[in-house]
Amino acid sequence: MEEASEHNKKQSVPVLPWMRTPIDVTLFHECPLNLLPFLDPRLEVALENMGFTSLFPVQVAVWQETIGPGSCERDLCINSPTGSGKTLAYALPIVQMLSTRAVRCLRALVVLPTRDLAVQVIHSPLLIDFPFLHIFWCFLHANLYACFGIGVLIIISYGVPSELLKLCSLDVGHYKVKEVFAAIAPAVGLSVGLAVGQSSIADEISELIKRPKLEAGICYDPEDFLLDLESSVDILVATPGRLMDHINSTKGFTLEHLCYLSPYLKFVIPPNASVNVFHKLQSSSLVLLVVVDETDRLLREAYQSWLPTVLQLIQSSVGSLFPHANTFFSSPFGSLKTIRRSGVERGFKGKSYPRLVKMVLSATLTQDPGKLAQLDLHHPLLLTTGQRRYQLPEQLESFKLICESKLKPLYLVALLHTLQGEKCIVFTSSVESTHRLCTLLNFFGDLQIKIKEYSGLQRQFVRSKTLKAFRAGEIEVLVSSDAMTRGMDVEGVRNVINYDVPTYIKTYIHRAGRTARAGQAGRCFTLLRKEEVKRFKKLLQKADNNSCPVYSVPSDSIESFRSTYTSALDVLPTLSLVLVNVSALEKLKESVKSETYRKHKFKFKSSGMVKGKEKNSKTTRTSLACNFFEGVATVKVGFDSCSNKMEVVTCSCSLAALATGEAEVGVEDEDDDELFGDKERESFEPISLSSSLIVSNIFDALCFMTLTNSGGANSVTNLAMRAFAILLFKRL
Ligand SMILES: Nc1ncnc2c1ncn2[C@@H]1O[C@H](COP(=O)(O)OP(=O)(O)OP(=O)(O)O)[C@@H](O)[C@H]1O
């Protein structure tokens with residue numbers, strides 16, 4: 001009965017027509033590299049050097065639709081479980097397609113929501129531990145540049161060369177987007193750039209743009225000089241914030257490079273052209289690529305309107321560079337066409353060719369027609385795994401632990417004790433609970449487990465160091481906030497623990513997906529109160545592979561930790577307040593230093609801010625600066641009042657007005673269900689911001705706050721609450 005109603009519900013969810021006939025990735029099998037048709041032998045060697053001997057099913061399926069008979073005729077939407085190898089699925093075809101390019105220019109763009117997803121090794125671990133290597137590298141860098149000029153520009157575009165990266169990384173075989181490209185692209189002479197805010201904007205510019213060599217004694221016209229600027233990279237991995245920065249202000253950076261005119265375009269492809277000829281032509285001139293990874297999250301973060309800008313820029317450059325480019329080149333794979341692909345050509349009606357090829361990917365791809373429409377997909381093809389929309393990794397086992405709310409930490413400690421020695425990530429619902437829980441766990445010296453915090457509240461280099469230690473096995477347990485759920489790829493994580501139950505299935509999928517990656521086994525435990533069990537069961541029903549038996553921890557183990565737990569609780573509140581205060585202030589300093597020039601200002605009239613108070617526009621002014629940057633929202637709230645008084649609660653209401661203002665904060669819907677804001681707000685309840693709190697000093701009232709995610713209207717209220725929480729800590 002229940003199943004039937006679930007089935008009906010499934011049927012009633014409206015999906016776009018093209019989503020009803022997906023390609024099922026489970027029908028594909030792993031394919032040894034030497035059997036993969038058309039694979040460039042240089043890439044085969046590069047993949048073997050990475051330790052890969054075959055392609056995973058999703059990689060074979062995408063290869064088929066890009067390099068194989070699909071020939072990139074359709075845009076691809078790829079919905080494939082966590083850890084299934086989506087990164088290489090798009091990186092390999094891109095590199096293969098561009099491998100015979102004639103001129104260096106930006107032809108492929110990969111957009112990711114956060115910097116952490118782009119580069120797994122943010123700073124090379126060795127460079128952190130041994131700064132002299134950094135100096136040595138800079139020295140080498142400078143000398144090579146001077147000696148070899150253009151040839152070395154390729155190396156510069158990698159920052160640290162992949163060989164050195166490999167040497168430095170303790171986790172060889174585990175690559176994130178930039179590292180995947182860096183491991184294969186050089187094999188065919190391609191260069192990959194990074195625009196994610198990892199380095200200063202000036203450094204990024206020098207990596208991305210090649211400046212002409214100026215000869216001494218010649219007077220150059222500045223305009224000619226600008227015309228000579230060229231891209232140093234063929235492929236760019238970017239986050240929306242930095243991408244927009246380069247589009248708006250980097251001289252010589254233009255997405256016109258994506259459709260650089262190549263002489264090949266002038267040839268007419270003969271109808272009987274061989275596969276190789278077609279590929280050569282295709283890869284040299286016709287490919288314009290955009291990949292949007294973690295699409296659902298990127299579409300949610302509508303800040304900076306990166307998507308319409310990028311699409312518009314590319315569209316207009318295609319139009320101007322190829323005014324008569326409406327001819328569709330027939331595919332040479334005629335005999336290989338399947339029934340599914342018949343009629344594909346209809347999709348080219350009215351579309352110019354070459355056109356931009358788009359691939360969008362996620363483990364939880366949105367089905368919201370409105371959101372997908374933003375991508376302006378061309379005759380899209382859905383590649384998905386299995387029948388259900390949400391799929392957990394095949395080798396994942398889920399368990400639940402039921403306990404009273406106040407005993408949760410104790411159960412967690414007992415569970416960690418039973419898992420002793422196994423790598424484990426514990427997820428909480430906010431950066432504050434992450435910090436609090438980690439502090440609490442470290443009271444249990446008897447556990448003899450190295451436990452560290454990993455959250456967006458920490459600086460990048462602290463996170464990198466922690467991750468490095470976790471990879472190396474020096475830390476066994478990582479306590480992490482949700483902001484880190486996506487993309488983290490650490491070998492040997494056998495267990496994920498949901499200390500706070502995820503509110504949405506997407507969150508569950510991304511958290512659980514840190515284990516059971518690449519076909520390995522893994523377990524996901526969720527701690528639940530009795531009242532939460534029913535809801536959790538419903539939540540898991542949305543995913544395949546949803547059985548979730550109860551896991552019991554031995555009661556004597558729980559009892560053995562009880563006394564330590566009681567004494568820890570006595571000390572914890574004060575400790576946590578002090579520590580949160582310190583990290584908030586550190587973050588404050590960092591934000592002030594690095595972000596000041598990137599703000600958008602919003603001015604509010606005092607009359608709108610101070611509810612029930614007399615208007616006095618002469619003497620009271622309130623301003624708010626808000627910056628959405630690389631998935632990090634930084635909000636500065638300033639109060640300037642002659643009375644130096646302000647009711648905190650009214651400020652948070654006014655902040656909510658941002659949702660309709662220039663900040664372009666999107667409103668969440670049920671489909672995109674990681675309502676970060678809601679969860680964060682829950683975690684702030686104990687702080688109890690009272691409406692009668694009075695800020696008595698303008699300097700106290702000036703505060704910055706940083707979040708690792710920007711979300712919808714709920715988050716806006718949450719931003720305000722956080723800002724004032726930090727303020728409170730500062731005042732304490
Ligand atoms: N062909 C392959 N052979 C062996 N290992 C592979 C192969 N392709 C990818 N991997 C490894 O599998 C792991 C998961 O890959 P990847 O990070 O691309 O998965 P994903 O689908 O993007 O996951 P998520 O959605 O969680 O980001 C990585 O450690 C990667 O190095």
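Counting starts at 1 for both ligands and their atoms, in listed order.
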What about [X]: any of its N or O atoms under 3.5 Å from an N or O on ligand 1?
| X | value |
| --- | --- |
| G83 | yes |
| K86 | yes |
| L55 | no |

Will you find, in the side chains of [X] and [Y], an N or O donor that is under 3.5 Å from an N or O acceptor?
| X | Y | value |
| --- | --- | --- |
| T82 | H510 | no |
| D40 | Q96 | no |
| E73 | H379 | no |
| E453 | T434 | no |
| T26 | T385 | no |

Taking 4.0 angstrom as the limit and counting only heavy atoms of [X], give me the atoms of ligand 1 inside it, by number and element.
| X | answer |
| --- | --- |
| R514 | 26 (O) |
| T87 | 16 (P), 17 (O), 18 (O), 22 (O) |
| A518 | 12 (O), 13 (C) |

Describe, in one word, how the ring planes of F399 and F525 are oriented to each other, choosing from parallel (under 30°), tilted (30 to 60°) and perpendicular (over 60°).
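Aromatic pair F399/F525 classed parallel.
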Can you find a non-hydrogen atom of [X] under 4.0 Å from ligand 1?
| X | answer |
| --- | --- |
| M50 | no |
| S54 | yes |
| P81 | yes |

Heavy-atom distance under 4.5 Å between the side chains of N498 and C524, does that happen here?
yes
Heavy atoms only: which of V177, L47, D489 is nearest to atom 29 (O) of ligand 1?
D489
